[in-house]
Visitor: 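Starting off with a structure, shown below.
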Number of protein chains: 2
Amino acid sequence: MEKHPQHCQVVVALDMIVGKWKPIILQHLIIGGTKRFNELRRLMPDITQRMLTLNLRELEEQDIIERVVYPEVPPRVEYSISEYGKSLEPLLDSMHEWGMAHLEHMKKKEKELGADDKSS
Amino acid sequence: MEKHPQHCQVVVALDMIVGKWKPIILQHLIIGGTKRFNELRRLMPDITQRMLTLNLRELEEQDIIERVVYPEVPPRVEYSISEYGKSLEPLLDSMHEWGMAHLEHMKKKEKELGADDKSS
DNA sequence: TGGTATAGTATCAAAAAGAATACTTTTAGG
DNA sequence: CCTAAAAGTATTCTTTTTGATACTATACCA
């Protein structure tokens, strides 16, 4: 927690969902439900095994996801969003909404700039 | 926008507020109102001039903040949250709330682990 | 003439994040 | 005995982000 000397708990929430992969992992687990390690790999062909492991471990550490190991051979490990993790959903939904609107906003802006080009 | 091949507009919203400094800059502009470049520097003693410039430029690019230059000498440049930028406030508030609650959650968890230590 | 102030750039170094690749364990199946 | 499958580790890069430091333009002030 010493990463954020400045007050402001926004950063605490931010840390749960930032990174190149976390939002995508969360999306898959929230929308698609429980998934095994290699299922996630298949869903995200560009992530490396290492990055997937690291991200899952972090999310687990933060109680956002749950990891269940079935002592079989070959091993089976299932990941799912935790009850606590579900409390992030409204936030993620709002962000999704805002993101959509922002894409519109920027599209509009581009058009305006394009139209203004006759003035240059 | 090619940074996010994967659907999911959460990342778009995320980009407006992530980074080591952006949440803090936004906080100052939202809570404290219009600020000059060096005022922000004083408010964030650890940021370098370069990082402050880069972050402000990005936020401006994204229409989140406004930059007004007064053609005086020495120059005066004022930064403020834009009307559009204000649409982020509910999001930031929710994140703040969630962050607070999460700190509580983790504190509770730590205590539990501490109590469990007698069992090891 | 030199110093001060503001709001930056420019350049290079360090640190953090991410990617590539190879290797491990265990048991079943051929 | 050899191979396969799942879920990782370990090690070594490469890339991206940040940081440190120095430098600039302009006009006013002593």
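Every chain is numbered from 1, with letters handed out A, B, ... down the list of sequences.
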Visitor: Return whichever of V73(A) or V69(B) has its heavy-atom-nearest nucleotide of DNA chain C closer to the 5' end.
Guide: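 Comparing both residues, the 5'-ward one is V69(B).
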
Visitor: Please compare P75(A) and T53(A) by the position of their nearest nucleotide in DNA chain D and report the one closer to 5'.
Guide: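 It is P75(A), whose closest nucleotide lies nearer the 5' terminus.
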
Visitor: Out of dT11(D), dG8(C), dG19(D), which nucleotide sits closest to the side chain of Q49(B)?
Guide: dG8(C)

Visitor: As a test of reading the structure: which of dA5(C), dA7(D), dG8(C) is closest to the side chain of P74(B), going by heavy atoms?
Guide: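 Among the listed nucleotides, the one closest to the side chain of P74(B) is dA5(C).
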
Visitor: May I have the distance from I47(A) (atom CD1) to dA17(C) (atom P), rounded to whole angstrom?
Guide: 15 Å

Visitor: Nearest to the side chain of N38(B), which nucleotide is it out of dA19(C), dA20(D), dT6(C)?
Guide: dT6(C)

Visitor: How long is the line joining CD of E60(A) and P of dA7(D), in whole Å?
Guide: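 So the two atoms are 14 Å apart, to the nearest Å.
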
Visitor: Yes or no on side-chain contact (heavy atoms from CB on, under 4.5 Å) for Y70(A) and E78(A), after CA distance, side-chain angles and deciding distance?
Guide: CA-CA 8 Å; Y70(A) 295 87; E78(A) 290 189 342; 3.4 Å; yes

Visitor: In whole Å, what is the span from the CZ atom of R76(B) to the C1' atom of dA25(D)?
Guide: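 Checked: the CZ to C1' distance equals 19 Å.
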
Visitor: Any idea which of dA10(D), dA7(D), dA20(D) is nearest the T48(B) side chain?
Guide: dA20(D)

Visitor: Y70(A) near the nucleic acid: base, sugar-phosphate alone, or nothing, with a heavy-atom cut-off under 4.0 Å?
Guide: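 No contact at all - Y70(A) keeps every heavy atom at 4.0 Å or more from the nucleic acid.
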
Visitor: Could you tell me whether the side chain of K22(A) and the main chain of D15(A) form a donor-acceptor pair under 3.5 Å?
Guide: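 Indeed, once roles are kept as given, a pair shorter than 3.5 Å links the two residues.
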
Visitor: From CZ of R42(A) over to P of dA5(D), roughly how many Å is that when rounded to an integer?
Guide: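 Going from CZ in R42(A) over to P in dA5(D) covers 11 Å.
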
Visitor: Between K20(B) and dA16(C), does any side-chain N or O lie under 4.0 Å from OP1 or OP2?
Guide: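 So the side chain of K20(B) is outside the cut-off, no N or O lying under 4.0 Å from OP1 or OP2 of dA16(C).
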
Visitor: dT9(D) phosphate, OP1 or OP2: any side-chain N/O from R57(A) under 4.0 angstrom?
Guide: yes

Visitor: Give R36(B) one of three labels, base, sugar-phosphate or nothing, depending on what nucleic acid heavy atoms sit under 4.0 Å from its own.
Guide: sugar-phosphate

Visitor: Identify all side-chain donor-acceptor contacts of residues 59-66 of chain B below 3.5 Å with residues at least two apart in sequence or on another chain.
Guide:
residue : atom : partner : partner atom : Å
D63(B)  : OD1  : K109(A) : NZ           : 3.2
D63(B)  : OD2  : H105(A) : NE2          : 2.8

Visitor: Nearest-Å distance, CD (E72(A)) to P (dA7(D))?
Guide: 10 Å

Visitor: Please state how far atom CG in L43(A) lies from atom P in dA7(D), giving the value in whole angstrom units.
Guide: 13 Å

Visitor: Calculate the interatomic distance between W21(B) atom CH2 and dG19(D) atom C1'; express it in whole Å.
Guide: 10 Å

Visitor: Looking at NZ of K86(B) and CD1 of I30(B), how far apart are the two atoms once the value is rounded to the nearest 0.5 Å?
Guide: 9.5 Å

Visitor: Strictly below 4.0 Å: does Y79(B) bring a side-chain N or O up to OP1 or OP2 of dT6(C)?
Guide: no

Visitor: Base, sugar-phosphate, or nothing for R41(B), non-hydrogen atoms under 4.0 angstrom?
Guide: nothing

Visitor: Between CE of M16(A) and OG of S87(A), what distance do you get to the nearest 0.5 Å?
Guide: 10.0 Å

Visitor: For F37(A) and dA5(D), give me the distance from atom CZ to atom P, rounded to whole Å.
Guide: 16 Å

